[in-house]
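Below is one structure, written out as structure tokens; comments come after it.
Every heavy atom of this structure was used, including side-chain atoms; hydrogens, water molecules and symmetry mates were not. Just so it is clear: chains get the letters A, B, ... in the order the sequence lines come, proteins before strands, and each one is counted from 1.
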There are 2 protein chains.
Amino acid sequence: MVRLMPGKRAKQPKLKKKAGVFDVAREAGVSVATVSRAFNLPDIVSEDVRRRVLATAQNLGYAANPAAKALRSRKTHIVGAAIPTLDYAIFAKMINHFQDSFAQHGYMTIVATTGFEHANVFEKVKTLVDRGAEALLLVGAIEDPALVSYLKRPHIPVVTTYSYLPDEIVPCIGFDNYAATESAMEYLADLGHRNFAMIAGSPKGSDRQRARIAAYKDFVGSRNLHGAANIIIRNFTIRDGTEAIRAILDKYPETTAVVCNTDVMAFGALSESRRLGIRVPQDISIVGFDDAEYAAQLEPPLTTIAVPAEEMGRLAAEMLHSSLSNGEPPRFVRLDSHLIVRKSACPPRALKQLRLAAAV
Amino acid sequence: MVRLMPGKRAKQPKLKKKAGVFDVAREAGVSVATVSRAFNLPDIVSEDVRRRVLATAQNLGYAANPAAKALRSRKTHIVGAAIPTLDYAIFAKMINHFQDSFAQHGYMTIVATTGFEHANVFEKVKTLVDRGAEALLLVGAIEDPALVSYLKRPHIPVVTTYSYLPDEIVPCIGFDNYAATESAMEYLADLGHRNFAMIAGSPKGSDRQRARIAAYKDFVGSRNLHGAANIIIRNFTIRDGTEAIRAILDKYPETTAVVCNTDVMAFGALSESRRLGIRVPQDISIVGFDDAEYAAQLEPPLTTIAVPAEEMGRLAAEMLHSSLSNGEPPRFVRLDSHLIVRKSACPPRALKQLRLAAAV
DNA sequence: TTGTACGCGTTATCAG
DNA sequence: CTGATAACGCGTACAA
């Protein structure tokens, strides 16, 4: 451990590990405390000293070690988000805004993808927390009992999105999925439809799907309409939509209106209908859910339910952030979703013929 | 500051700050070093002691403080990604896989969005590095001179994606954008097209757009075809595609083949064409770029260039990870892109009539 | 195999 | 307004 030419150490830039507070302090002729203050509490340090410190820091390429900073200050400035996947525009868009809003407050976002098995989310949440996340964004209802009891003990601020669940154990920033589907059904029923079918995603692990399915069943049931059981469960790709519409045409040929639980599925249903020579909306009405970017550009333009993805992301970030700074807990927020009427739904065929006859 | 009933402190779970190595050590009747070892070097601690430590740790809800751990071990287990936006499927998909691959090695990903101004990326990169990112994923060529010189000094492993740039200062994992567009042009020219137009995104800040535009110009120019200057620059929404195709139809009515630099634009071009009563591909051929999920479902199914988004994300993660563990530097990787021939392009009208005549 | 003791780079506390 | 110094919680030589 004999050091040769110890004097060289300070002069050789190559060996310079990394400038720390101490180096800056020495170079600027102040104490380490002052250096720290120059950065974190600029107001309580004299003008000239601060300038000098900041200048030499800049000069030395100093940047505070985040780990040391986090250790001492007990603030990581990291937040976490656990979502099913980034591969869905609807989640990516929300995260994009969430991350962006938080970034403006100096927070970085770590996103963990859980897939659609809610078995994974507890594990991911723990990882996120263990990683020092100071706040958390989740999606949908908390299904895993273990996660429920974990979240019951006060840890860090958490919000869940996409669903409005007044009874949830954590605050939610979402919309009423049940009401949303209901409004679509109502629109269709008002148009004169009586034979329905639904294309849904798996209800396992998704309270959103369950709510939409329940709304469908309840609506059809309570109004004595047909098709309460005509629900095709598939995944969330376009191809699933194409398969589902074929199944509906095959098994429930009397159907005149199909409600899709995502625009992706509706996309598939629309394009497969065209391929099959079924005209939309003349032969069959189709509505979607999400109001994806392409919804208005489909043929025909898709009637669908607009979902406040950006707003959920932004609001979740804002509320979580004020919870972090003011300590005021996030509130339950019910955002609006509304039906965007375009051209993929119209009165059913028989009814139109009836009306035509009546007009004559 | 008088503490009443000080004895209660240990009994009240509410006041229990957080279990640390020390607490676990005391509870398990071992030293803190053993606790640490039980987690990090399980092999060098006796079976029963390890079990006991792990059990009491579990029991106390102990989790190592990531900041302290990072400070001491000089490893944050965090990597960063700076991308334009998560709102584009193509980037979201890449990040999804990048993040997923790295997560399997115990790394969390922080993503920073820069928008399409490359002025922002240097700042974001510094933020990422200051936050303790041990490796970085970038998109495209490094444009900002400041960032170039920053990356020239050895910091942390960095790769850039989406472009194959052999001369880049950091390794890249991408594909040849020039060759990709060229292959589409070649396909179109072989079909008999002689009048071209292009729908492009802004070349500012995107070497991908520049490469595709250059390929277009070179191809048209070198083969004495028409339309080398017929390039409509727009943004990356469907609506931009609709506007662009109108502009082309209006300003360059002789056009028979248009190459779009993203599928989103092609989507807009396709749907607007239909609205205008222009038949694709009979009246005009359109090709896209990306092979988005919906490309095959459009009417007509879109001929487009498939891009290895997942593979770039996964490979970037793998290479960065081995760079982190083995020290072996990331390599330059040229991935394949290839033209997916579907139905949105066919021989131009005049030519078909000619052929028809010849056949008679 | 296990324990002791020190240091990682900051920020917070307390004097001055 | 500034300086000295004690934590922050963990990993790891070194000693036992």
Side-chain angles (χ1 to χ4, degrees), chain A residues 1 15-57 60-78 106 129-134, chain B residues 1 15-57 60-78 106 129-134:
Chain A
M1 280 302 218
L15 293 183
K16 201 169 43 188
K17 290 297 177 193
K18 185 87 184 271
V21 265
F22 184 75
D23 305 284
V24 178
R26 183 170 32 71
E27 200 75 10
V30 296
S31 73
V32 292
T34 300
V35 174
S36 175
R37 283 191 284 253
F39 280 96
N40 306 310
L41 291 65
D43 301 327
I44 71 165
V45 66
S46 71
E47 179 69 12
D48 54 343
V49 170
R50 188 188 51 194
R51 255 208 263 279
R52 182 155 38 97
V53 170
L54 262 35
T56 63
L60 265 53
Y62 165 76
N65 178 318
K69 193 170 189 137
L71 176 57
R72 182 64 237 230
S73 65
R74 302 171 156 293
K75 279 193 157 303
T76 57
H77 287 270
I78 283 178
V129 173
D130 289 350
R131 280 314 182 93
E134 297 179 38
Chain B
M1 283 302 222
L15 294 183
K16 200 168 45 187
K17 290 298 177 193
K18 184 90 183 271
V21 266
F22 185 75
D23 304 281
V24 178
R26 183 169 33 73
E27 201 74 12
V30 297
S31 73
V32 291
T34 301
V35 174
S36 175
R37 284 191 282 252
F39 280 97
N40 306 311
L41 293 69
D43 301 328
I44 70 165
V45 66
S46 70
E47 179 71 12
D48 54 342
V49 169
R50 188 188 50 195
R51 255 207 263 279
R52 182 154 40 97
V53 171
L54 262 36
T56 64
L60 266 52
Y62 165 78
N65 178 318
K69 196 170 184 131
L71 177 57
R72 181 63 236 238
S73 65
R74 300 171 162 294
K75 279 194 156 303
T76 57
H77 287 270
I78 284 178
V129 172
D130 289 350
R131 280 313 182 93
E134 296 179 39

Using a 4.0 Å heavy-atom cut-off across all strands, classify B/Phe39 as base, sugar-phosphate, or nothing.
-> nothing
With a non-hydrogen cut-off below 4.0 angstrom, is A/Ala63 in contact with a base, only sugar-phosphate, or nothing?
-> sugar-phosphate
Tell me the interatomic distance from [X], atom [atom1], to [N], atom [atom2], rounded to whole angstroms.
X	N	atom1	atom2	result
B/Lys75	D/dT12	NZ	P	12 Å
A/His77	C/dT11	NE2	P	10 Å
A/Asp130	D/dC10	CG	C1'	15 Å
A/Asp23	C/dG9	CG	P	9 Å
A/Asn40	D/dT2	CG	P	15 Å
A/Arg26	D/dG3	CZ	C1'	17 Å
A/Glu47	D/dC1	CD	C1'	14 Å

Hits for salt bridge (Lys or Arg N to Asp or Glu O under 4.0 Å) against A/Glu27, two or more places apart or cross-chain, chain-then-number order -> none
Measure from the side-chain N and O atoms of A/Arg131 to the backbone N and O of B/Ile78, and report whether any donor-acceptor pair falls under 3.5 Å.
-> no
For B/Asn40, check side-chain contact (heavy atoms from CB on, under 4.5 Å) against everything at least two apart and list the hits.
-> B/Ser36, B/Lys69
With A/Arg74 via side-chain contact (heavy atoms from CB on, under 4.5 Å) - residues at least two apart | none
Shortest non-hydrogen separation from B/Ala67 to A/Leu71 and the atoms involved = CB-N, 3.5 Å
Closest non-hydrogen atom pair between B/Glu134 and B/Thr76, with its separation | OE2-N, 2.7 Å
Do A/Phe22 and A/Val35 come within less than 4.5 Å of each other through their side chains, counting heavy atoms only?
-> no
Can you list, pair by pair, the side-chain donor-acceptor contacts under 3.5 Å of residues 49-56 of chain A, counting residues two or more places apart and other chains?
| from | atom 1 | to | atom 2 | distance (Å) |
| --- | --- | --- | --- | --- |
| A/Arg50 | NH1 | A/Pro42 | O | 3.4 |
| A/Arg50 | NH2 | A/Glu47 | OE1 | 2.6 |
| A/Arg51 | NH1 | A/Glu47 | OE2 | 3.1 |
| A/Arg51 | NH2 | A/Glu47 | OE2 | 2.7 |
| A/Arg52 | NH1 | A/Ala28 | O | 2.4 |
| A/Thr56 | OG1 | A/Arg52 | O | 3.4 |
| A/Thr56 | OG1 | A/Val53 | O | 3.0 |

Terminal axes of the helix from C/dT1-D/dA16 to C/dG16-D/dC1 (five pairs each): angle between them, nearest 10 degrees = 30°
CG-CG distance between B/Asp130 and A/Asn65, expressed to the nearest 0.5 angstrom | 10.0 Å
At under 4.0 Å between heavy atoms, which parts of nucleotides 1-8 of chain C does protein reach? Answer with one letter per nucleotide, 5' to 3': B base, S sugar-phosphate only, - none.
-> SBBBB-BB
OP1 or OP2 of C/dG9 under 4.0 Å from side-chain N/O of A/Lys69 | no
